[in-house]
Amino acid sequence: MNLFADIRALVIECLTQMTSEGVLPDGLTFDNVAVEPPRDAAHGDMATNAAMVLAKPAKMKPRDIAEALAAGLAADARVSSADVAGPGFLNLRLDAAVWGQVMKDVLTNPDFGRSDMGAGKKINVEYVSANPTGPLHVGHTRGAIFGDALASLLDYAGYDVTREYYINDGGGQVDVLARSVYLRYLEAHGQTVEFEDGTYPGAYLINAGEALKAKVGDAYVGQPEDVWLADVRSFATDAMMDLVREDLASLGINMDVFFSEKSLYGTGRIEQAIEDLKSKDLIYWGTLKPPKGKMPEDWKPREQWLFKSTEFGDDEDRPVQKGDGAWTYFAPDIAYHFDKVSRGFDALVDVFGADHTGYVKRMKAAVAALSENRVPLDIKLAQIVRLFKNGEEFKMSKRAGTFITVQDLVDEVGKDVARFIMLTRKNDTPFDFDFDKVTEQSKDNPVFYVQYAHARVHSVMRKAGDAGIDLSDLAGADLSLATHPAEMAVAAKAAEWPRVVEIAARTNEPHRIALYLYDLASELHGLWNRGNDDVSLRFIQEDNVAASQAKIALVKSVSVVISHGLSILGVTPAEEMR
RNA sequence: GGACCGUUAGCUCAGCUGGAUAGAGCGCUGCCCUCCGAAGGCAGAGGCCAGAGGUUCGAAUCCUCUACGGUCCGCCA
């Protein structure tokens with residue numbers, strides 16, 4: 001049950017009633033009516049802006065509407081009071097039994113918080129999509145974790161989610177990879193090689209060179225490139241994708257689909273997508289204006305095939321072919337998204353690195369064109385992460401072969417910490433990842449703080465079990481024995497969970513889940529410590545089994561919500577801190 | 001020259017798509033364990049929400065301009 005949705009439905013019902021009674025004029029829309037938790041707890045449990053939103057279209061005073069609405073709402077058993085405040089807010093207090101029902105629902109319904117807002121719509125989330133030229137480095141982790149958590153969130157919100165990885169195995173960088181592996185292959189045959197500019201010197205290719213030797217023996221030694229390039233390219237790509245899959249697994253990521261760029265070449269699929277755009281009169285033969293500002297040295301005006309992305313809000317039309325007649329990177333990307341659209345997705349999400357900023361408009365333009373505006377594409381950019389250790393930033397350099405890998409990160413802080421920390425920030429804000437802070441076990445480390453709350457609840461349950469308190473039917477506990485305002489505040493926070501899920505899913509912002517969990521954990525820690533001053537607030541009441549059960553049911557429901565939330569983020573809930 | 005993102009407490013960041021007196025952590029000050037894990041909690045100090053206009057009952061939030069920072073700008077992917 002989603003309490004906020006339920007109460008909002010009640011508000012709408014009352015407003016409809018008021019309309020039919022002639023208190024409100026006909027023809028009002030209630031879309032903007034919101035029911036929210038008030039910022040200040042002193043204002044009650046929930047607040048609605050209905051009166052202020054409707055005042056203008058109804059040509060009435062907000063307070064008049066609010067007072068009439070208050071009378072209607074107060075008649076409902078769930079509402080214990082409805083007060084008009086400020087400019088026309090209506091503050092509601094709910095009956096204590098309502099919170100008890102929510103807690104029972106949390107404890108008995110494993111799907112508490114799941115939403116059907118997605119209505120089973122097919123949505124494709126593409127993320128990572130790193131070039132298959134080596135293991136993943138830290139620069140990839142933020143997008144990887146963000147995309148994965150977003151996919152889980154959308155699944156939780158009722159979408160039919162496909163997690164997809166686009167393998168860039170069609171471009172020139174794969175030739176570079178093949179040549180680099182070939183050098184390692186020669187090395188495996190005892191030759192001394194040099195890694196010149198334009199090759200990857202990374203040690204991770206040594207295994208690939210040896211594996212190639214094991215596969216083909218000396219067949220390619222001393223042979224010209226045209227003999228071995230195609231084979232080595234596909235061999236090396238496969239080997240790198242194995243590494244990538246391992247890296248993803250260590251972050252807890254499992255893709256549903258790996259889509260190969262190469263599969264678009266020589267199969268007519270790029271041509272087909274371009275033809276589709278041509279038939280819509282969106283591809284033309286023309287010349288681009290020279291770029292303003294810094295002018296490339298060798299720039300010359302040239303006629304080429306251009307996509308009319310300006311018709312969809314882009315700043316310039318975009319070329320789909322290079323000077324040598326080969327496709328630009330954009331062309332297979334168009335074909336790839338054409339494929340996604342043809343596969344029947346109702347919505348697409350792409351998670352890109354910040355270096356793809358300039359790519360967003362043209363990609364949205366392409367999808368709008370290909371799907372004739374049927375399929376929305378949301379593009380999320382993962383901003384840069386800077387790594388700090390011992391107060392100093394350390395950088396990555398792929399060319400030098402000294403970049404920090406995903407494995408380094410996971411070895412250092414663990415999967416759970418890496419995931420949670422990356423998800424406590426909005427994806428489009430750059431942030432600093434401080435190894436020293438996140439390995440601390442203190443409030444400075446939000447993962448620990450949330451895990452600790454979860455563990456504390458389990459600690460209580462262990463203690464209660466030792467004390468002989470029966471915990472087998474917490475959902476059946478008499479929750480009217482835990483209605484102190486401090487306890488109700490915790491219940492109210494837990495009851496917000498379904499609402500948070502919907503907001504996070506609607507905005508494609510999984511960080512809201514992490515921040516909410518932090519707040520919820522904070523409520524729990526606060527209540528725990530109230531027990532220091534006020535013995536009646538301790539969870540285990542020595543001489544009162546029924547009260548103990550009620551209080552433990554309350555905190556147990558908090559731990560259940562925390563574990564739901566952590567599972568969306570891909571973080572393991574801890575039952576004990578060590 | 002242009003595009004996109006950002007600018008909120010000393011520092012790192014939230015702010016629920018326009019609501020009430022702008023929030024949290026760190027740091028600073030002072031309290032709280034004969035008590036289920038103090039790995040916690042409570043309280044205090046600290047703000048011209050970058051600046052200027054505009055929209056309306058109401059703006060950190062929406063619009064315009066300016067400043068600063070980041071990312072990027074055909075023939076890399």
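Hydrogens, waters and symmetry mates play no part in the numbers below; they use all other heavy atoms, side chains included. Letters A, B, ... mirror the listed sequences (proteins, then strands); counts begin at 1.
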Q | Any donor-acceptor N/O pair, A:Asp428 side chain to A:Leu381 backbone, under 3.5 Å | A | no
Q. NA contact type, A:Ala47, heavy-atom cut-off 4.0 Å: base, sugar-phosphate, or nothing?
A. base
Q) Counting side-chain heavy atoms from CB outward, which of B:A77, B:C16, B:G41 is closest to A:Asn168? A) B:A77
Q.
Within 90° of 0 counts as syn, otherwise anti: where does B:C63 fall?
A. anti
Q | N or O in side chain of A:Ser548 less than 4.0 angstrom from B:C36 OP1/OP2 | A | no
Q) Judged by atom type as modelled, is there a donor-acceptor pair below 3.5 Å linking the side chain of A:Ser309 to the main-chain atoms of A:Glu316? A) yes
Q. Is a salt bridge present between A:Lys380 and A:Asp350, judged by a nitrogen-to-oxygen distance below 4.0 Å?
A. no
Q: Would you mind telling me which of B:C36, B:C72, B:G15 lies closest to the side-chain atoms of A:Phe539?
A: B:C36
Q.
Looking at A:His454 and A:Gln451, would you say the former's side chain and the latter's main chain have a donor-acceptor pair under 3.5 Å?
A. no
(Q) Under 4.0 Å, counting only non-hydrogen atoms across every strand here, what does A:Asn91 touch: a base, just sugar-phosphate, or nothing? (A) base
Q. Does A:Arg425 make a side-chain donor-acceptor contact with the base of B:C13, cut-off 3.5 Å?
A. no
Q. Any sub-3.5 Å donor-acceptor pair from A:Tyr329's side-chain atoms to A:Gly171's backbone N or O?
A. no
(Q) Give me the atom names and distance for the closest heavy-atom approach of A:Ala34 to A:Asn49. (A) N-OD1, 2.9 Å
(Q) Heavy atoms only, 4.0 Å cut-off, all strands: where does A:Thr357 land among base, sugar-phosphate and nothing? (A) base
Q: Please evaluate the base of B:A20 for a donor-acceptor partner in the side chain of A:Asn49 within a cut-off of under 3.5 Å?
A: no
Q) Base, sugar-phosphate, or nothing: which does A:Arg302 touch, judged by heavy atoms less than 4.0 Å apart? A) base
Q: Assign each of A:Leu288 and A:His356 to its nearest nucleotide of RNA chain B by heavy atoms, then name whichever residue's nucleotide is nearer the 5' end.
A: A:Leu288
Q) Does any nucleotide pair with B:G53 by Watson-Crick or G-U wobble geometry, both distances under 3.5 Å, and what is it? A) B:C63
Q: Answer yes or no: does a side-chain N or O of A:Lys361 lie under 4.0 Å from OP1 or OP2 of B:A3?
A: no
Q) Between B:U71, B:C36, B:U17, which nucleotide has the shortest distance from any of its atoms to the side chain of A:Lys463? A) B:C36
Q.
Quick one: does any side-chain atom of A:Gln173 pair with a main-chain N or O of A:Asn168 as donor and acceptor, under 3.5 Å?
A. yes
Q) Applying a 3.5 Å limit to both distances, which nucleotide forms a Watson-Crick or G-U wobble pair with B:G44? A) B:C28
Q: Can you tell me the pairing partner of B:A22 across any strand shown, Watson-Crick or G-U wobble, with both distances under 3.5 angstrom?
A: none
Q. Is A:Arg318 close enough and on-axis enough to A:Phe330, meaning under 6.0 Å and within 45°, for cation-pi?
A. no
Q | Euclidean distance for C1', B:G53 against B:U71 (whole angstrom) | A | 29 Å
Q. Looking only at atom P, what distance separates B:A22 and B:C65, rounded to whole Å?
A. 30 Å
Q) Using a cut-off of less than 4.0 Å, is there contact between a side-chain N or O of A:Lys426 and OP1 or OP2 of B:C13? A) no
(Q) Can you tell me the base-pairing partner of B:G58? Count Watson-Crick or G-U wobble geometry only, both distances below 3.5 Å, and say none if there is no partner. (A) none
Q: Determine the contact category for A:Ala85: base if any of its heavy atoms lies under 4.0 Å from a base atom, sugar-phosphate if only primed atoms, P, OP1 or OP2 are that close, otherwise nothing.
A: base
(Q) Measuring from the side chain of A:Arg512 (C-beta onward, heavy atoms only), which nucleotide among B:G40, B:G70, B:C16 has the closest atom? (A) B:C16
Q. Can a donor-acceptor pair be found between the side chains of A:Glu164 and A:Tyr336 at a distance below 3.5 Å?
A. yes
Q) Hey, does A:Thr328 reach any base, or is it just sugar-phosphate, or nothing, if we go heavy atoms under 4.0 Å? A) nothing
Q: Please state whether the base of B:G41 and the side chain of A:Asn532 form at least one donor-acceptor pair under 3.5 Å?
A: no
Q: Check for a donor-acceptor pair, side chain of A:Lys551 on one end and backbone N or O of A:Ser536 on the other, with a separation under 3.5 Å.
A: yes
Enumerate the protein-to-nucleotides 62-68 of chain B contacts in which both atoms are nitrogen or oxygen and the separation is below 3.5 Å.
none

Q) Taking a pair as Watson-Crick or G-U wobble with both distances under 3.5 Å, which nucleotide is matched to B:A14? A) none
Q) Taking the side chain of A:Glu36 as its heavy atoms from C-beta onward, which of B:U17, B:C35, B:G40 lies nearest to it? A) B:U17
Q: With a 3.5 angstrom cut-off on both distances, give the Watson-Crick or G-U wobble partner of B:C4, or none if there isn't one.
A: B:G70
Q: For the side chain of A:Pro37, starting at C-beta, report the closest nucleotide among B:C32, B:A77, B:C16.
A: B:C16
(Q) Let's test your reading of the model: under 3.5 Å, does the base of B:C36 pair with the side chain of A:Arg462 as donor and acceptor? (A) no
Q) If you look at every strand shown and take non-hydrogen atoms under 4.0 Å, does A:Glu261 touch a base, only sugar-phosphate, or nothing? A) sugar-phosphate
Q. What is the nucleic acid contact for A:Leu381, judged by heavy atoms within less than 4.0 Å: base, sugar-phosphate only, or nothing?
A. nothing
Q | A:His43 ring over B:A20 six-membered base ring, under 5.5 Å and 30° | A | yes
Q: Select base, sugar-phosphate, or nothing to describe what A:Arg456 touches, counting heavy atoms under 4.0 Å on all strands.
A: sugar-phosphate
Q: Identify, between A:Ala354 and A:Gln173, the residue whose nearest nucleotide on RNA chain B lies closer to the 5' end.
A: A:Ala354
